[in-house]
There are 2 protein chains.
Amino acid sequence: MAYDKDAVRNILATAKEQGRTALTAPEGKLVCDAYGIAVPGEGLAKSAAEAVELAGRIGFPVVMKIVSPDILHKTEAGGVLVGLDDARKVEQGYQTILDNAKRYNAKADIVGVQVQKMIGGGQEVIIGAVTDPSFGKLVAFGLGGVLVEVLKDITFRMAPASEQDALGMLDGIAAAQVLKGVRGAEPVDRAALANMIQRVSQLVTDFPEIAELDLNPVFASPNGAIAADVRIVLDHAPQPQRYRPTQEQIVAQMNRIMRPDTVAVIGASSEDGKIGNSVMKNLINGGYQGKIYPIHPKAEEIMGMTAYKSVLDVPGEIDVAVFAIPAKLVAQALEEVGRKGIPGAVLIPSGFAETGNVEGQEEIVAIARKHNIRLMGPNIYGFYYTPKNLCATFCTPYDVKGKAALSSQSGGIGMAIIGFSRSARMGVSAIVGLGNKSDIDEDDLLTFFEQDDETEIIAQHCEDLKDGRAFAEAARRVSKVKPVVVLKAGRTSLGARAASSHTGALAGDDRIYEDVFKQCGVIRARSLRDLLEFARGIPKLPTPKGENVVIITGAGGSGVLLSDACVDNGLSLMTMPEDLDAAFRKFIPPFGAAGNPVDITGGEPPTTYRNTIKLGLEDPRIHAIILGYWHTIITPPMVFAKLVVEVKEEMAAKGIEKPIVASLAGDVQVEEAAEYLYQHGVPAYAYSTEIPVAVLGAKYKWARGAGKI
Amino acid sequence: MAYDKDAVRNILATAKEQGRTALTAPEGKLVCDAYGIAVPGEGLAKSAAEAVELAGRIGFPVVMKIVSPDILHKTEAGGVLVGLDDARKVEQGYQTILDNAKRYNAKADIVGVQVQKMIGGGQEVIIGAVTDPSFGKLVAFGLGGVLVEVLKDITFRMAPASEQDALGMLDGIAAAQVLKGVRGAEPVDRAALANMIQRVSQLVTDFPEIAELDLNPVFASPNGAIAADVRIVLDHAPQPQRYRPTQEQIVAQMNRIMRPDTVAVIGASSEDGKIGNSVMKNLINGGYQGKIYPIHPKAEEIMGMTAYKSVLDVPGEIDVAVFAIPAKLVAQALEEVGRKGIPGAVLIPSGFAETGNVEGQEEIVAIARKHNIRLMGPNIYGFYYTPKNLCATFCTPYDVKGKAALSSQSGGIGMAIIGFSRSARMGVSAIVGLGNKSDIDEDDLLTFFEQDDETEIIAQHCEDLKDGRAFAEAARRVSKVKPVVVLKAGRTSLGARAASSHTGALAGDDRIYEDVFKQCGVIRARSLRDLLEFARGIPKLPTPKGENVVIITGAGGSGVLLSDACVDNGLSLMTMPEDLDAAFRKFIPPFGAAGNPVDITGGEPPTTYRNTIKLGLEDPRIHAIILGYWHTIITPPMVFAKLVVEVKEEMAAKGIEKPIVASLAGDVQVEEAAEYLYQHGVPAYAYSTEIPVAVLGAKYKWARGAGKI
């Protein structure tokens with residue numbers, strides 16, 4: 001696509017010179033022309049005679065609109081007339097508009113009247129752009145009309161939008177079916193709409209001073225799309241730049257912070273109950289094998305280790321300094337950390353922005369920038385990195401090693417992560433507290449875990465994203481390789497943002513997070529338990545190779561609920577091919593139901609479970625299996641659990657690996673069976689038909705986003 | 001409201017005589033007139049001259065429509081002309097319509113042309129009625145237009161609808177805001193719309209042969225509502241009547257079945273592994289104190305009890321017979337049960353309709369009807385009734401007594417209920433398997449539990465409701481007194497029903513269940529876990545006296561997630577009055593946040609929790625409290641749990657009882673604390689911010705539906 005950037009640049013420069021924050025309609029038309037956005041034929045008339053001449057040239061009927069930098073709400077000012085279908089009406093109309101405009105605002109500087117070809121027909125849609133404080137430029141798409149406004153049926157993507165993004169937006173609204181033609185209407189030209197979305201997204205990307213933009217309405221027909229009205233709002237103030245190191249810089253520093261060979265503990269203490277004592281104990285008892293340097297103004301030795309007055313006194317390099325001193329002492333110690341050339345500081349202390357001490361926080365950030373120190377926190381519990389047996393925290397040590405890396409913005413949620421992980425024996429590579437996020441943010445963690453071989457899934461709790469754009473870019477890249485799960489807290493509050501465009505007024509925070517997460521392949525957790533269960537379950541499952549899911553169940557009732565859960569989680573129950581149906585039927589009683597779910601019925605022996613599960617794994621047309629177990633005396637819970645694992649391992653030996661999840665209905669013994677299954681690679685849940693399917697659904701979401709299926 | 005039933009009766013009789021299943025438009029108009037449903041002025045013209053005369057009388061512009069019993073799709077046939085604004089056009093129009101109709105169907109019997117005042121303006125809505133196979137007559141309301149069709153934004157209520165039902169429907173659609181006036185439009189006349197809904201619902205109630213009805217569009221304006229088009233589809237075949245005993249009969253028989261003094265076990269056995277042996281063991285080991293009569297063709301004695309060849313041989317009355325014999329023997333034994341005058345049979349055996357043996361099931365139902373026996377099952381695990389220590393089942397005994405009565409249609413789900421209940425130590429009054437539901441259904445259980453003093457909440461899993469109307473009537477009555485929670489499985493499948501009306505085409509099964517449940521005050525569980533957690537938690541909570549919910553949290557992060565959960569569950573976070581805010585602030589650190597959530601911050605001692613919780617309970621403006629606990633050394637989990645219970649009990653002694661739920665974030669010790677809280681009346685969950693709030697939300701849903709707040 002070719003764009004005439006110079007033309008736009010000139011128009012924006014003129015507006016800026018004149019101190020205007022909105023473009024006139026004719027300027028808007030020129031901007032559209034420069035970016036190949038189709039708008040109706042039009043021109044600017046400075047007299048009634050010119051208007052008549054223009055209308056004759058463009059063709060009747062026409063629309064006439066006041067052009068004045070001082071009149072933004074044209075309709076309100078009586079500055080718009082539509083359906084003028086002869087010269088006489090145009091002539092009169094010119095005068096009417098001018099009279100109305102003067103009545104509305106006697107001081108308005110009136111440039112003239114825009115005469116525009118009147119268009120209509122097809123489906124009215126809206127294409128727009130907004131500037132989000134976190135994600136930057138976003139392009140929007142929705143249907144026109146009052147219902148859409150009421151139902152907020154609009155979808156967003158970060159700009160610039162790819163063709164795939166743009167086409168995805170057309171399917172991203174609830175009323176998507178309307179575009180495909182309903183009640184006998186012809187489908188609209190999807191390519192033309194997607195193209196217009198892309199051009200708008202490129203325009204606002206190229207010109208950050210375009211704060212908001214509305215094409216409203218756009219008439220979409222089977223033969224194209226044309227924007228009947230354009231509105232452009234400017235913001236000439238430059239956006240403040242956030243400190244963003246390069247990906248290489250992040251990786252280099254984060255590797256030293258997260259996998260240090262030497263750790264300094266500033267405020268180390270021998271005294272029980274002190275945070276600096278807890279940190280020392282956790283480092284030592286956690287089994288950390290690197291060097292530990294206790295830093296203390298007076299002590300000679302702490303817990304059997306030589307203590308130093310300052311990091312500056314430590315011989316040799318230090319990778320990371322953990323701070324366990326009061327807030328008021330942090331700045332000076334951080335200065336020393338900087339002079340020592342330590343790349344990272346873990347700031348456990350509270351007493352900064354969260355208590356209103358914003359200045360104190362700004363001070364330490366300035367010191368960090370000066371010395372190129374990355375800051376974790378302040379106001380955090382610290383972090384764990386299990387491959388190094390590193391517990392750089394005042395909480396209790398965590399020792400179940402695994403591949404899930406978790407982080408939380410809040411300390412309370414961090415404690416819940418630790419408790420759940422320990423209770424569920426979830427294997428973890430890291431748990432990180434981000435607290436006030438004065439510097440290190442979710443995107444730094446993503447970039448570190450991306451290249452960390454010990455991590456296979458990243459699960460993050462956050463309340464805000466200080467730099468949503470940086471997060472989204474990192475997430476988009478990382479999620480192609482490793483699943484990224486995010487619990488966005490505060491999701492039900494709608495951002496009350498000042499907006500002077502229609503699109504802006506429709507942009508709720510949560511809808512934007514929802515859409516951007518989808519655009520970036522992020523799996524969104526709806527609850528804390530979901531975050532934790534997904535982190536636990538997803539790494540257990542091999543990546544599915546296709547969409548065909550089969551339910552094999554001993555309980556018909558579970559089969560129905562599992563089917564419900566499949567629909568809820570966007571999973572496709574395979575339509576059973578005839579031969580496969582017949583093959584399943586061979587193993588089950590005549591009154592059992594094949595099809596999908598495969599209902600083997602309740603009174604069956606272990607062999608029936610074994611045969612049907614084996615068939616499900618062997619047949620290449622099936623890509624994932626959901627098991628519904630029903631506790632009976634004939635096939636007790638542990639017998640079931642063991643046979644599932646046996647069949648699974650037998651198949652794995654032949655190179656067949658498919659995701660299997662299980663729902664166990666029965667007396668309390670099913671809890672042990674579920675645990676056994678989980679520990680052997682089958683996420684399994686007692687008394688729940690929905691959680692195992694949600695875990696499988698999350699795996700699928702990731703696999704689709706990453707292009708694996 | 002006065003209705004002219006005779007007029008409608010005559011019209012329907014005529015249609016039936018003529019073998020028609022649809023009314024003509026003029027007939028539809030007359031039906032509307034008879035029920036006071038506003039329609040535009042109109043008349044039937046049999047010639048062009050009559051049409052011109054009519055139009056002159058009604059007033060231009062007019063709409064003209066073909067009237068023919070053979071042409072149902074009038075527009076398709078070219079049989080509709082709109083906007084005819086002078087006599088000449090009406091005259092020509094008459095001929096055009098006749099020509100088109102003949103081209104469309106040369107054999108059509110043409111009655112004439114309807115001439116109708118053309119109306120418009122205001123908001124287009126649709127009011128309709130359908131006949132649901134389970135719930136019977138339903139009235140529907142939605143907005144008109146293509147988006148509504150695509151978004152299926154339509155709401156249903158059982159007919160007849162009360163005024164409150166009808167007004168609730170106006171708020172029951174997603175686009176409800178449109179009716180209140182958006183973009184400067186005036187709000188529509190809600191009373192007029194509600195009135196029309198009520199009239200339609202009364203019409204279809206009075207005349208069951210009206211199978212489907214559409215008023216589409218209805219033009220709703222600030223000054224009233226008028227139905228521009230009416231379509232009525234008839235079904236002259238009478239609906240088969242289901243066997244429905246009276247409420248008194250149900251109670252009398254169910255009391256003997258569920259709380260028997262004597263139980264016969266047909267197929268009792270001494271042989272380990274037999275179902276008849278398991279049932280005997282469970283009765284005895286469960287501690288049942290009534291008389292047990294083992295029935296066996298040969299045995300003299302079973303497990304130390306005298307055995308009988310037939311129930312007919314047993315001296316004295318028997319309240320219930322539990323069947324543990326193969327399907328093929330059931331009919332004969334049931335005949336004997338009938339002759340003995342036993343009011344209930346619990347049919348454990350499978351091998352009936354669920355295996356295709358529909359005839360066998362019909363046979364036993366016929367026997368039951370003949371002898372007035374109520375049947376539970378067949379194809380069930382039996383049932384538990386703990387106040388009588390009664391385990392009439394082949395599963396293991398259940399002994400944690402309490403006030404929750406659960407039932408399941410599926411055996412597998414029943415086993416999950418038993419397992420969960422035991423694991424969570426949920427106090428249960430009854431667990432009942434309904435299986436094939438050949439007779440006893442959810443509504444019978446509701447009617448029994450309604451008057452059962454040992455039951456305070458009823459939680460049911462069902463896949464279908466064979467008689468939704470009976471269920472709804474019972475649920476509506478019972479839910480005023482005791483919470484009714486239902487997990488409707490199969491909820492994601494949309495009913496593919498044949499429908500010749502617009503309303504019918506929009507009626508998905510799940511939407512109907514959703515709306516009817518709401519109408520009846522039923523709390524809908526979205527998942528198996530929800531069903532179980534609600535059954536466990538709701539009876540623990542006192543009924544709230546108002547909508548003001550306050551969150552008190554030690555973890556800011558939990559506060560945010562708990563707030564999200566409040567929105568998700570329809571709870572209102574109280575706007576904190578200034579004086580109360582000040583009162584809370586006295587107890588919390590200066591950097592803590594009052595307002596709501598009350599964030600007491602993480603490092604606080606037990607007294608801070610105690611003081612704030614006490615204040616929350618004492619202040620009468622607060623009606624419910626959600627606690628967010630953060631595990632710290634200063635206030636360990638059990639210290640927190642105990643202080644909460646202490647404060648709660650201290651307040652209860654003063655007569656102050658409010659619902660309290662808790663979310664615990666911390667290391668594994670929080671699990672014990674949560675358990676302690678739960679056992680002391682505070683539903684509490686580790687590692688979850690959403691479940692405790694969902695439980696509170698469910699309690700609120702019930703309290704609102706039952707008119708308690």
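Here is how names work: the chains are called A, B, and so on, in the same order as the sequence lines, proteins then strands, and each is numbered from 1. Computation of the quantities below employed the complete heavy-atom set of this structure, encompassing side-chain atoms and omitting hydrogens, waters and symmetry-equivalent molecules.
Both the backbone and the side chain of B/Val668 have a heavy atom closer than 4.5 Å to some heavy atom of chain A. Contact of B/Ile691 with chain A is made through the side chain alone, with heavy-atom distances under 4.5 Å. Using a 4.5 Å cut-off between heavy atoms, B/Ala174 contacts chain A through both its backbone and its side chain. Only the side chain of B/Leu532 has a heavy atom closer than 4.5 Å to any heavy atom of chain A.
For the atom pair OG1 of A/Thr632 and OH of B/Tyr381, the computed distance is 15.5 Å after rounding to the nearest 0.5 Å. In this structure, A/Arg529 CZ and B/Arg529 CZ are separated by 7.5 Å, a value rounded to the nearest 0.5 Å.
For the set A/Tyr398, A/Tyr685, A/Phe420, the count of heavy-atom pairs under 4.5 angstrom toward chain B peaks at A/Phe420. Ranked by heavy-atom pairs shorter than 4.5 Å toward chain A, the options B/Gly554, B/Ser688, B/Gly559 are led by B/Ser688. With chain B as partner, the option from A/Ala416, A/Ala555, A/Gly602 having the largest number of non-hydrogen pairs under 4.5 angstrom is A/Ala416. Counting heavy-atom pairs closer than 4.5 Å to chain B, the top residue among A/Gly273, A/Ala176, A/Gly411, A/Gly414 is A/Gly411. Comparing B/Gly557, B/Ser410, B/Ser278 by how many heavy-atom pairs each has under 4.5 Å with chain A, the most go to B/Gly557.
Residues A/Leu561 and B/Leu487 are in side-chain contact: their nearest non-hydrogen atoms beyond the backbone lie under 4.5 Å apart.
Considering only residues two or more places apart in sequence or on other chains, B/Ser558 meets the side chain to side chain donor-acceptor pair (under 3.5 Å) condition with none of them.
For the pair A/Ala665 and B/Gly412, the tightest heavy-atom approach, listed with the atom from each and the gap, is CB-O, 3.2 Å. Of all heavy-atom pairs spanning B/Ser527 and A/Glu690, the tightest one is CB-CD, 3.1 Å.
Enclosure of atom NZ in B/Lys281 by more than 12 non-hydrogen atoms of other residues, nucleotides or ligands within 6.0 angstrom is indicated. The number of heavy-atom neighbours closer than 6.0 Å to CD1 of B/Ile634, taken from other residues, nucleotides and ligands shown, is above 12.
For residues 663-674 of chain B, the set of pairs meeting the side-chain hydrogen bond (donor to acceptor under 3.5 Å, both in side chains) definition, not counting sequence neighbours, comprises A/Thr396-B/Asp667, A/Arg422-B/Asp667, A/Ser423-B/Glu671, B/Glu671-B/Tyr687.
Proximity of a side-chain donor or acceptor of A/Asp564 to a complementary backbone N or O of B/Gly490 within less than 3.5 Å is detected.
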